[in-house]
Q: 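Pasting a structure below so you can have a look.
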Amino acid sequence: MRPDTPAENVDHTAEAARLERTAGLYPEDAEALLLQSAAHLELAGDRPAATTLYDRLLSSSDSLENPHLIRALKAANLWEYGHEAEARAIIDGIRAAAPRDPAPWVIVAESLESHDELEAAQKTFTEGVTLLLADVPEPPPHSSHPLLFGRHRVRRMLGAAHDDWDVLADTLHSSPVPLDELHDPKRVWSLGSDNPAELQAEISRLRAELGTYREELSRPFPVAVLHWPTGELAELVGAYPTLSDEYPSHEEHLATIEASLRELSASGTPNLGIVTGTVPSYEAFAASEASSPADTNLLPQYATTLAARGRAVGWPPERGAGCWCGSGNSYAACHGAATV
């Protein structure tokens with residue numbers, strides 16, 4: 001789909017089919033591509049077909065990057081076409097699994113909210129916020145903002161008094177219209193008002209919300225640093241010995257990644273991430289650029305290409321998450337030890 005194609009002119013069924021074909025051509029990106037395909041199927045109203053894609057991913061023999069996210073999307077989709085019991089069971093499973101990624105928490109909590117399960121939604125948002133943000137130095141990572149804003153919205157509808165998490169949400173909110181006003185449950189009545197001042201105030205609120213959504217959609221892909229797992233780096237340097245100057249050892253490679261990211265962060269660069277390379281993927285990229293894989297100038301270009309294709313993992317990891325290096329240890333006990 002062209003980026004300038006108006007949403008109302010998109011053939012979602014055709015776009016879903018195109019993405020599914022593309023996933024067959026690029027298996028390393030199949031998870032992200034099939035999730036996009038499922039989203040188009042949902043927009044097309046073909047929710048059973050979307051569920052089939054979610055099931056296909058979950059039953060795949062390949063390891064998934066975001067299994068909890070896929071389950072959350074499946075639950076939300078199922079509930080929309082009448083499979084409430086199954087959706088609730090999946091949501092309960094996600095909450096019990098306590099994923100360290102904010103996205104599944106947001107999706108299942110918003111699904112509960114959209115079906116007027118406000119108490120359950122508030123509890124789910126709170127579980128996610130407490131798990132991911134307790135003892136995290138402020139400001140919290142951007143990926144956690146929807147958790148805080150969603151919790152604030154639901155608690156406002158429930159008439160709950162502000163607590164410390166709500167205050168933090170207010171602090172992080174950058175729109176000129178305060179969250180309390182945006183999340184006022186009485187706003188819907190102003191749309192039917194005959195008072196021009198009330199209508200103008202609601203138009204201002206809607207513009208502020210639209211600006212926030214546009215800001216989120218326009219966030220660029222992360223500034224990403226390239227990471228080679230042990231086996232991939234050994235294969236890379238073995239095939240292209242001149243790259244040993246760039247990568248003297250795997251340990252030094254990992255230390256350089258962490259140091260580079262900390263330096264970028266200290267300089268004020270936002271939205272940082274890590275992309276993991278593979279030799280076949282890199283060789284294919286070099287061929288597409290009509291260049292040799294031994295050319296070190298290709299390495300940052302390859303990293304940028306992977307980030308643009310949605311392959312970047314945000315840095316630093318969420319609290320309690322495993323280290324990006326793949327050691328199996330938590331980030332705090334591994335490469336993040338010096339920062340906590």
Q: When clusters are formed by joining ILVMFWY residues with side-chain heavy atoms under 4.5 Å apart, either directly or through shared neighbours, do W165 and V106 land in the same one?
A: yes

Q: Quick one: do R156 and D166 make a salt bridge, cutoff under 4.0 Å?
A: no

Q: Can you name the closest pair of heavy atoms from D101 and W105 and give their distance?
A: O-CD1, 3.4 Å

Q: Do you know which two heavy atoms are closest between L78 and A87, and how far apart they sit?
A: CB-CB, 4.3 Å

Q: Mind checking whether H152 and H162 have ring centres under 6.0 Å apart?
A: yes

Q: Run the numbers on E28 and T278 for side-chain contact (heavy atoms from CB on, under 4.5 Å), then give the verdict.
A: CA-CA 10 Å; E28 70 275 15; T278 66; over 6 Å; no

Q: Does the distance from a Lys or Arg side-chain N to an Asp or Glu carboxylate O, for E127 and R151, drop under 4.0 Å?
A: no

Q: Between atom CG of D11 and atom CG of L43, what is the distance when rounded to the nearest 0.5 Å?
A: 12.0 Å

Q: Do the charged groups of E110 and R153 touch, with an N to O distance under 4.0 Å?
A: yes

Q: Is it the case that the side chains of T256 and Y247 hold a donor-acceptor pair, with the cut-off being a distance below 3.5 Å and no angle test?
A: no

Q: Stepwise, does the side-chain hydrogen bond (donor to acceptor under 3.5 Å, both in side chains) test hold for S267 with E263?
A: CA-CA 6 Å; S267 70; E263 184 176 344; over 6 Å; no

Q: Within a strict 4.5 Å, meaning less than it, do heavy atoms of the T276 and W324 side chains meet?
A: no

Q: Does the side chain of E258 pick up a donor-acceptor pair with the side chain of Y331 at under 3.5 Å?
A: yes

Q: Following the transitive rule for hydrophobic clusters with a side-chain heavy-atom cut-off under 4.5 Å over Ile, Leu, Val, Met, Phe, Trp and Tyr, establish whether L158 and F149 coincide in one cluster.
A: yes

Q: Would you say the side chain of E42 lies within less than 4.5 Å of the side chain of H12, judging by non-hydrogen atoms?
A: no

Q: Quick check: is L58 connected to L73 through a chain of hydrophobic side chains (ILVMFWY, heavy atoms under 4.5 Å apart)?
A: yes

Q: First locate atom CG of L226, then atom CD1 of I257, and finally report the distance between them rounded to the nearest 0.5 Å.
A: 7.0 Å

Q: Going through the distances and angles, do E80 and H115 end up as a side-chain contact (heavy atoms from CB on, under 4.5 Å)?
A: CA-CA 9 Å; E80 290 300 319; H115 291 89; 3.1 Å; yes

Q: Mind checking whether Y81 and H83 have parallel, tilted or perpendicular rings, split at 30° and 60°?
A: perpendicular

Q: Is there a side-chain contact between E31 and L64 in this structure, where contact means two heavy atoms from C-beta onward sitting under 4.5 Å apart?
A: yes

Q: Which value, rounded to the nearest 0.5 Å, describes the distance between K74 atom NZ and E86 atom CD?
A: 5.0 Å

Q: Any side-chain heavy atom of S265 sitting closer than 4.5 Å to one from W315?
A: yes

Q: Find the distance between CG (L131) and CZ (R100) and round it off to the nearest 0.5 Å.
A: 4.0 Å

Q: For a quick test of reading the model, state the closest non-hydrogen atom pair linking L147 to P102 and the distance between them.
A: CD1-CB, 3.9 Å

Q: Would you say S291's side chain and A287's backbone share a donor-acceptor pair under 3.5 angstrom?
A: no

Q: Can you find a pair of side-chain heavy atoms, one from L254 and one from H335, that are under 4.5 Å apart?
A: yes

Q: Going through the checks in order, is the side-chain contact (heavy atoms from CB on, under 4.5 Å) test met by L118 and E113?
A: CA-CA 5 Å; L118 297 184; E113 178 189 352; 4.0 Å; yes

Q: Which heavy atom in G277 sits nearest to a heavy atom in E232, and how many Å separate them?
A: O-CG, 3.9 Å

Q: Any non-hydrogen side-chain atom of R56 less than 4.5 Å from a side-chain atom of L34?
A: yes

Q: Give the minimum heavy-atom separation between L298 and A286, together with the two atoms involved.
A: CD1-CB, 3.7 Å

Q: Give a yes or no on whether V275 and F285 share a hydrophobic cluster (residues Ile, Leu, Val, Met, Phe, Trp, Tyr; joining criterion: side-chain heavy atoms under 4.5 Å apart).
A: yes

Q: Looking at E119 and K123, is any side-chain nitrogen of the basic one under 4.0 Å from a carboxylate oxygen of the acidic one?
A: no

Q: Quick one: do E235 and Y240 satisfy side-chain hydrogen bond (donor to acceptor under 3.5 Å, both in side chains)? Show the steps, please.
A: CA-CA 9 Å; E235 182 180 346; Y240 309 101; over 6 Å; no

Q: Rounded to the nearest 0.5 Å, how far apart are CG of L306 and CD of Q301?
A: 12.0 Å

Q: Checking the side chain of N77 only, and the main-chain atoms of R47 only, is there a donor and an acceptor separated by less than 3.5 Å?
A: yes

Q: Is the backbone of A16 close enough, under 3.5 Å, to the side chain of S37 for a donor and an acceptor to pair up by distance?
A: yes

Q: Using atom types as modelled and distance alone, determine if a side-chain donor or acceptor of H40 lies under 3.5 Å from a backbone N or O of E15.
A: no

Q: Let me see the working for R311 and E65 under salt bridge (charged side-chain N to carboxylate O under 4.0 Å, His left out), right down to the final yes or no.
A: CA-CA 10 Å; R311 305 297 295 175; E65 293 182 10; 3.1 Å; yes

Q: Output, in order, the C-alpha distance, side-chain angles, deciding distance and verdict of side-chain contact (heavy atoms from CB on, under 4.5 Å) for N271 and V223.
A: CA-CA 6 Å; N271 201 16; V223 175; 5.9 Å; no

Q: Working to the nearest 0.5 angstrom, can you tell me the gap between L112 CG and W79 CH2?
A: 5.0 Å

Q: Between S327 (side chain) and C323 (backbone), is there a donor-acceptor pair under 3.5 Å?
A: no

Q: Quick one: sort the W228 and Y282 rings into parallel, tilted or perpendicular, breaks at 30° and 60°.
A: perpendicular

Q: Let me check something: do L69 and V108 share a hydrophobic cluster, defined by ILVMFWY side-chain heavy atoms less than 4.5 Å apart, either directly or through other members?
A: no

Q: Are R21 and L25 packed together at the side-chain level, in the sense that at least one heavy-atom pair is separated by less than 4.5 angstrom?
A: no

Q: Does the side chain of L148 come within less than 4.5 Å of F125's, by heavy atoms?
A: no

Q: If you compare all heavy atoms of A72 against all heavy atoms of I107, which two are closest, and at what distance to 0.1 Å?
A: O-CG2, 3.5 Å

